[in-house]
Amino acid sequence: MIRIGAITLAAFAITTIALPAAAQTNYPAKPIRVVVPYPAGGTSDILTRMVGAKLTEAWGQQVISDSRPGANGNIGVEIVVRSPPDGYTLTLMDIGNLTVSPSMYKLPFDIIRDLTPVISVTFSPYLLCVHPSVPVKSVPELIALAKKSPGKLNAPVGLGSNIHMSTLAMQQRVGTKWTYIPTKGGQSSVMSVMTGDGDFLMMGVIQTWVHVKTGKLKLIAVSSETRESQFPNVPTIAETPGLEGFSAGSWQGILGPAKMPADIVNKLYNEVKRVIALPDVGDRLVGLGSRPQAKTPQELGAWLASEKDKWAKVVKQSGYKIE
């Protein structure tokens with residue numbers, strides 16, 4: 001099992017028993033650090049800078065994107081868990097990935113107990129694409145091809161990622177067998193399929209759509225439960241018999257350390273909700289293949305717990321672990 005980061009018992013105890021900070025009506029009184037637990041330049045970093053610029057305008061305090069990649073986002077999350085719950089250290093990340101991690105890794109934190117949900121920011125579906133040489137035009141045809149030659153088709157994925165688990169969930173529901181090629185993440189997975197080393201993948205719109213338009217990838221479905229207005233003629237995976245209700249994608253959200261004061265959480269929630277509803281921000285989100293999705297702290301907390309349980313079942317059935 002991989003243990004992500006060393007954390008002393010003493011430090012962990014301080015984090016978990018810390019009392020809520022006093023109400024801070026002048027929040028923020030200094031710059032806010034947003035830990036992005038992935039390499040710079042990805043969706044979470046772009047969103048942090050986009051939203052952060054608007055918060056800086058409104059509050060007069062810098063919002064700084066701090067990229068701390070590693071272990072599928074868990075290294076960055078641990079930094080936040082260990083920070084004071086004063087609202088000055090947050091994370092903006094793919095919270096779908098976060099809900100998979102407890103089933104895949106030996107974590108030094110609990111994603112429910114040790115984090116404060118603030119707000120979900122966006123949802124972006126995955127596009128299910130194949131290399132142009134793969135002789136399928138739909139999900140049913142992909143499944144039929146996989147069943148005809150078990151294990152022959154391959155999917156490049158970042159092992160332990162939400163995309164990996166989503167592809168596994170689809171596989172489990174229809175009883176197919178294909179092979180997973182480990183990659184370093186989204187861009188390398190896309191390149192693998194574009195060069196023909198990989199056969200198919202699910203991946204975010206921003207990484208795939210440009211290559212769909214040039215014909216280097218063939219789009220066969222989207223992973224949202226209902227069709228997307230951006231791709232009205234592209235069927236969903238959920239329209240395939242046996243995959244009814246299937247839904248997967250990238251949920252970006254903001255979290256802080258446990259025991260953040262309610263007034264700070266509410267201030268962050270209300271201001272971020274306002275920002276992602278701005279027309280210019282909305283236009284940029286569409287360009288990223290995303291749409292605003294402002295779950296309240298309570299809704300986000302319930303969603304995290306539900307998704308954690310859902311992926312635990314998928315992982316248990318697969319027997320997959322990162323060792």
Side-chain angles (χ1 to χ4, degrees), residues 2 4 34-50 65-77 91-98 100-101 104 121-134 153-168 170 178-224 228 230-231 234 237 248-253 284-290 322:
I2 292 177
I4 301 154
V34 180
V35 176
V36 175
Y38 313 113
T43 302
S44 298
D45 182 46
I46 293 170
L47 284 173
T48 297
R49 296 177 188 277
M50 184 191 313
S65 180
D66 182 9
S67 178
R68 297 296 186 98
N72 203 31
N74 296 311
I75 288 174
V77 174
T91 183
L92 193 157
M93 67 176 299
D94 187 331
I95 51 179
N97 270 350
L98 182 65
V100 171
S101 288
M104 300 295 295
V121 180
T122 62
F123 169 76
S124 176
Y126 298 139
L127 301 187
L128 179 56
C129 301
V130 301
H131 185 268
S133 67
V134 178
L153 286 177
N154 63 66
V157 295
L159 296 180
S161 66
N162 186 261
I163 287 173
H164 181 197
M165 293 300 103
S166 298
T167 313
L168 262 178
M170 184 171 73
W178 44 61
T179 302
Y180 293 98
I181 302 175
T183 71
K184 294 181 179 179
Q187 192 57 38
S188 57
S189 295
V190 171
M191 288 302 298
S192 178
V193 176
M194 286 174 56
T195 59
D197 292 331
D199 294 314
F200 75 99
L201 83 165
M202 277 196 274
M203 190 59 62
V205 176
I206 192 170
Q207 294 102 327
T208 53
W209 180 237
V210 62
H211 303 302
V212 171
K213 290 190 293 185
T214 60
K216 294 177 181 178
L217 293 174
K218 181 165 54 175
L219 172 61
I220 63 173
V222 296
S223 68
S224 47
E228 293 289 322
Q230 191 174 353
F231 316 104
V234 179
I237 294 172
S250 173
W251 286 266
Q252 299 285 332
R284 290 192 65 189
L285 291 178
V286 170
L288 292 171
S290 300
I322 293 183

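Checking side-chain atoms of Thr91 against main-chain N and O of Val36 turns up no donor-acceptor pair under 3.5 Å. Between the side chain of Tyr126 and the main chain of Gly249, a donor-acceptor pair closer than 3.5 Å is present. At least one donor-acceptor pair closer than 3.5 Å links the side chain of Ser124 to the backbone N or O of Gly289. Remark: the backbone N or O of Pro125 is not paired with any side-chain donor or acceptor of Ser223 at under 3.5 angstrom.
Shortest non-hydrogen contact noted between Ile237 and Ala221 is CG1-CB, 3.9 Å.
Inter-residue side-chain proximity for Met50 and Leu288 is flagged as met; some heavy-atom pair is nearer than 4.5 Å.
Ring geometry for Phe200 versus Trp178: interplanar angle over 60°, hence perpendicular rather than tilted (30 to 60°).
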**Request:** Evaluate the side-chain contact (heavy atoms from CB on, under 4.5 Å) criterion for residues Thr208 and Val193: first the C-alpha distance (whole Å), next the side-chain angles of each, then the deciding distance (0.1 Å), finally the verdict.
**Result:** CA-CA 10 Å; Thr208 53; Val193 176; over 6 Å; no
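From Leu201, atom CG reaches atom CD1 of Ile163 across 7.5 Å, with rounding to the nearest 0.5 Å. Considering CZ of Phe231 and CG of Leu127, their distance stands at 5.0 Å, rounded to 0.5 Å.
Other residues, nucleotides and ligands place no more than 12 heavy atoms under 6.0 Å from the NZ atom of Lys216.
Between the side chains of Ser250 and Asp94, at least one donor-acceptor pair of N or O atoms lies under 3.5 Å.
Results of the side-chain contact (heavy atoms from CB on, under 4.5 Å) test with Asn162 over Asn72, Leu98, Val100 single out Val100 as the only residue that passes.
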